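Below: one structure in structure tokens.
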Amino acid sequence: MSSKTKPQTKSAKVITLLSRAKGATLDEICKATNWQQHSIRAFLTGLRKKGYVFAREQRGDDGTAYRITQNPSDTDAEGSA
């Protein structure tokens with residue numbers, strides 16, 4: 001049996017990028033996924049509906065960066081405590 005790992009989905013890549021301390025710009029996500037900007041915005045809307053909370057920060061000349069500040073699992077843990 002080979003010990004190959006399952007390929008990472010584009011959704012997982014986006015969540016990883018958004019989870020970084022500096023977040024990710026739309027351009028960075030475009031390059032990582034080959035999605036168009038309107039598709040990324042729709043994906044972010046879907047994440048919000050699932051309970052993710054984002055911070056939107058201006059990053060100098062790079063444009064706007066988005067960063068996940070709260071995962072849905074974080075709110076579940078708070079609710080059960």
Side-chain angles (χ1 to χ4, degrees):
M1 275 201 143
S2 69
S3 61
K4 290 184 180 181
T5 59
K6 191 167 138 180
Q8 190 176 26
T9 64
K10 289 182 181 181
S11 297
K13 285 181 186 179
V14 173
I15 291 171
T16 300
L17 288 171
L18 295 171
S19 298
R20 299 184 304 182
K22 65 177 186 171
T25 64
L26 291 179
D27 286 340
E28 290 171 339
I29 298 170
C30 282
K31 289 176 185 170
T33 61
N34 291 321
W35 288 348
Q36 294 182 9
Q37 289 190 0
H38 68 272
S39 299
I40 296 166
R41 288 188 192 98
F43 181 77
L44 294 178
T45 298
L47 288 179
R48 283 188 186 103
K49 288 180 180 180
K50 290 180 181 179
Y52 286 87
V53 179
F54 296 95
R56 196 172 100 190
E57 302 158 343
Q58 194 62 35
R59 230 205 248 168
D61 294 340
D62 289 343
T64 304
Y66 298 87
R67 182 174 50 87
I68 294 175
T69 58
Q70 188 173 357
N71 293 330
S73 58
D74 295 344
T75 56
D76 291 344
E78 290 173 7
S80 62

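Any value given below was found using the heavy atoms of this structure, including those in side chains, with hydrogens, waters and symmetry copies removed. These numbers were taken from a predicted model, which means no experiment stands behind them.
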Listed by chain and number, what are the salt bridge (charged side-chain N to carboxylate O under 4.0 Å, His left out) partners of R20, not counting sequence neighbours?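 For R20, the residues satisfying salt bridge (charged side-chain N to carboxylate O under 4.0 Å, His left out) (neighbours in sequence not counted) are E28.
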
Search all heavy atoms of C30 against all heavy atoms of Q37 and return the closest pair with its distance.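 For C30 versus Q37, the nearest heavy atoms are SG-CG, 3.8 Å.
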
How many angstroms lie between atom OG1 of T9 and atom CD1 of I15, to the nearest 0.5 angstrom?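 These two atoms lie 7.5 Å from each other.
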
From NZ (K10) to CD1 (I40), nearest 0.5 Å: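 Between atom NZ of K10 and atom CD1 of I40 there are 10.5 Å.
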
NZ/K22 to CZ/R67 distance, rounded to the nearest 0.5 angstrom?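 Answer rounded to 0.5 Å: 13.0 Å.
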
Approximate separation, where rounding is to 0.5 Å, of I29 CD1 and L18 CG: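 One gets 4.5 Å once the value is rounded to the nearest 0.5 Å.
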
S39 side-chain N/O to W35 backbone N/O, donor-acceptor pair under 3.5 Å: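 Pair absent, no side-chain N/O of S39 close to backbone of W35.
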
Between the side chain of R59 and the main-chain N/O of Y66, is any donor-acceptor distance below 3.5 Å?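 Not at all, since once roles are kept as given, no pair shorter than 3.5 Å links the two residues.
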
Pairwise side-chain contact, R48 with F54, heavy-atom cut-off 4.5 Å (strictly under):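 Counting from C-beta outward, R48 and F54 do come under 4.5 Å.
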
Assess the residue pair V14 and T33 against the criterion (side chain to side chain contact (heavy atoms under 4.5 Å, CB included)); give the C-alpha distance rounded to whole Å, side-chain angles, the decisive distance to 0.1 Å, and a yes or no. CA-CA 8 Å; V14 173; T33 61; 3.6 Å; yes

For V53, does its backbone N or O pair with a side-chain atom of T69 as donor and acceptor, under 3.5 Å?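 Checking the backbone N and O of V53 against the side chain of T69, a donor-acceptor pair under 3.5 Å is found.
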
